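Numbering of ligands and ligand atoms starts at 1, following listing order. Bear in mind that the values here come from a model prediction, so they are computed numbers and not experimental data.
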Amino acid sequence: MAEVSGGQALPLAERRLRLGIVGGGQGSFIGKVHARGARLSNRWDLVAGALSSRPQVAQESGRAWLLADDRIYTDYRVMAEREAARPDGIDAVAITTPNNSHHAIACAFMEKGIDVISDKPLTTSLADALDLVRRQKETGLVFGVTYAYAASAMVRQARQMIRDGALGALQQVHVEYFQEWALTPLKDAGAGAQWRVDPSIVGPTFTTGDIGTHCHHLGAFVCGRPITAVRAEFHTLGPPKALEDTAFMHVRYEDGIPGTIMISQVAPGAHCGLRIRVFGDKASLEWNQEEPEILHFRRFNEPARVLTRGEGAGIGVHAARFVHMPRGHPEALSDAWGNLYEEFAIAVEARRLGRNLPAGLLEYPTVVDGALGVKLIEAALASSQSGGQWADCTLSM
Ligand SMILES: NC(=O)c1ccc[n+]([C@@H]2O[C@H](COP(=O)([O-])OP(=O)(O)OC[C@H]3O[C@@H](n4cnc5c(N)ncnc54)[C@H](O)[C@@H]3O)[C@@H](O)[C@H]2O)c1
């Protein structure tokens, strides 16, 4: 075991695991981010891919990614079949395709005993999300979901401080995410923008599924308790589209703690303005993903403190284990993806070796977190359609 600051230890790798990716080819966005995160973690080799829905792009992208010819696929079903049959087949698959394909792709690989890392939102319907939860339980496979912000060192720090009582009793939680890109008229927008407003591909919501799910997960993760109910109001403020591009929500966390989620993708000047503020009865924390190395800690009636990512100086073990560079050399979202892929690898290796890990060692988002995100989408939509009635956000399984 490798010792890190504060005595927490992550198991060393026995070997690099083999990763396959579905989606991510030329012209796409997040698949490449997965691939970089996996490589940065130093625990994965990227060996196979069905990188595009278009066969020629899948082939060209596979060659550009230096995959072996016989591991470049044009159909994920064939990839699942052939990889499962190889002695050196993939250990896990990363699903980086549009929302409506996540369920079918996950099933194809799980049926072959391959662990899954899926992007969010997990599925386009709650029934499909619960089906994946059931399949994961039955198979015992690892199923991670890439809410990557939660793997930022200072988000782990915030979670630990709240768990350790630094804020006193939690009283209110506010999460917001503002972007501007959906102001671009649809006819001028790229393919990734087109499918995001097509209900047959994106699911029943646009902005709520796209960035609201990040707020939902981040709030629950940092506070260490789920959101149980939501009251939502949807708006379409930007260029005409079938779905909402803005939403304002009141939420209740477990124990009745009140909070808000505010999201918009038509907010001029906003890039990736994801911010969380948590207030207890003694102090508050604030984290903004555009300045991810900084956590503001403010006690009532005392000078504010700015905690910076690094070793020591108030940094807890859960953040310290993801410190890769000294203070002053910035780390950011790419590093969070590396952290997440490190946790996924440790989980996959432990499952394959039949090794038990200490409780709480890994804090990556699971299939249940993914399903909770889908539940939020459905609940927020129902609430907005009902004129703002409270809707339940818990899972009944
Ligand atoms: N975790 C995050 O922070 C984050 C950020 C962006 C996007 N996402 C999610 O990632 C997913 C993809 O988003 P994106 O912006 O990269 O989309 P994109 O449109 O840029 O790329 C999607 C890719 O998937 C490919 N694809 C579609 N169907 C396929 C199939 N059956 N087999 C193989 N490839 C297929 C497309 O050809 C394309 O290359 C979405 O679910 C989105 O919500 C998550």
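In summary, the side chains of H250 and R231 do present a donor paired with an acceptor at a separation below 3.5 Å, with no hydrogens or angles considered. If you check the side chains of N339 and H324, you find a donor sitting under 3.5 Å from an acceptor. Under the 3.5 Å distance criterion, with hydrogens and angles disregarded, a donor-acceptor pair is assigned to the side chains of H174 and Q172. T208 and E244 form a side-chain donor-acceptor contact under 3.5 Å, judged by distance and modelled atom types alone. Defined by atom type and a distance below 3.5 Å, a donor-acceptor pair is present between the side-chain atoms of D119 and T146. At a cut-off of 3.5 Å, with distance as the only test, a side-chain donor of D369 or T366 sits close to an acceptor on the other residue.
Contacts between W337 and ligand 1 below 4.0 angstrom, taking non-hydrogen atoms only, involve the side chain exclusively. Heavy atoms of H214 found under 4.0 angstrom from ligand 1 belong exclusively to the side chain. Contact annotation for W195 and ligand 1: only side-chain heavy atoms (C-beta onward) come within less than 4.0 Å of the ligand. Residue contacts with ligand 1, taken as heavy atom pairs separated by less than 4.0 Å, do not involve V33 at all. Within the 4.0 Å heavy-atom criterion, neither part of M79 lies near ligand 1.
Proximity of S101 to ligand 1 is not established, as no heavy-atom distance is less than 4.0 Å. Heavy atoms of R54 stay at 4.0 angstrom or farther from ligand 1. For the ligand labelled ligand 1, residue P121 lies inside the 4.0 Å heavy-atom shell.
Across the listed options G24, G25, S28, P98, S28 owns the non-hydrogen atom lying nearest to atom 21 (O) of ligand 1. Remark: among candidates T96, N99, V57, D119, the nearest residue to atom 40 (C) of ligand 1 is N99, based on non-hydrogen atoms. Comparing H34, K120, Q194, H217 against atom 43 (O) of ligand 1, the shortest heavy-atom distance belongs to K120.
For the atom pair CZ (F248) and OG1 (T260), the distance works out to 10.5 Å, reported to the nearest 0.5 Å. To the nearest 0.5 angstrom, E14 atom CD is 5.0 Å from L353 atom CG.
Listed by atom number, the atoms of ligand 1 under 4.0 Å from G192 heavy atoms are 19 (O). With ligand atoms numbered from 1 in the order given, ligand 1 contributes 39 (O) to contacts under 4.0 Å with heavy atoms of L51. With ligand atoms numbered from 1 in the order given, ligand 1 contributes 33 (C), 34 (N) to contacts under 4.0 Å with heavy atoms of A50. Under a 4.0 Å criterion applied to the non-hydrogen atoms of T146, ligand 1 contributes the atoms 1 (N). When each atom of ligand 1 is checked for a heavy atom of H102 under 4.0 Å away, the hits are 41 (O). Interface of G23 with ligand 1, defined as ligand atoms under 4.0 Å from a residue heavy atom, comprises 24 (O), 25 (C), 33 (C), 34 (N).
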Audit row: Q289, S152, side-chain hydrogen bond (donor to acceptor under 3.5 Å, both in side chains) steps and yes/no: CA-CA 9 Å; Q289 88 83 29; S152 282; over 6 Å; no
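For L67 against L46, the heavy-atom pair with the smallest separation is CD2-O, 3.6 Å.
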Per-pair distances, 0.1 Å, donor-acceptor, side chain in residues 232-240, under 3.5 Å, sequence neighbours excluded:
{"residue": "E233", "atom": "OE2", "partner": "H235", "partner atom": "NE2", "Å": "2.7"}
{"residue": "T236", "atom": "OG1", "partner": "L243", "partner atom": "O", "Å": "3.1"}

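Regarding atom 11 (C) of ligand 1, its nearest protein heavy-atom neighbour is T97 O, 3.2 Å. Scanning all protein heavy atoms for the shortest distance to atom 20 (O) of ligand 1 gives F29 N, 2.9 Å. The protein heavy atom nearest to atom 10 (O) of ligand 1 is I30 CG2, 3.2 Å. Given atom 32 (N) of ligand 1, the protein heavy atom at minimum distance is V22 CG1, 3.7 Å. At the top of the distance list for atom 28 (N) of ligand 1, counting protein heavy atoms only, stands S53 CB, 3.7 Å. Looking from atom 7 (C) of ligand 1 to the surrounding protein, the closest heavy atom is R196 NH2, 3.3 Å.
The salt bridge (charged side-chain N to carboxylate O under 4.0 Å, His left out) with E286 is formed by just one residue from the set R277, R305, R275; it is R275.
Using the six-membered ring where Trp is involved, Y341 and F344 have ring planes that are perpendicular, over 60° apart on the 30 and 60° scheme.
Residues W195 and F29 place their aromatic rings such that the two centres sit no closer than 6.0 Å.
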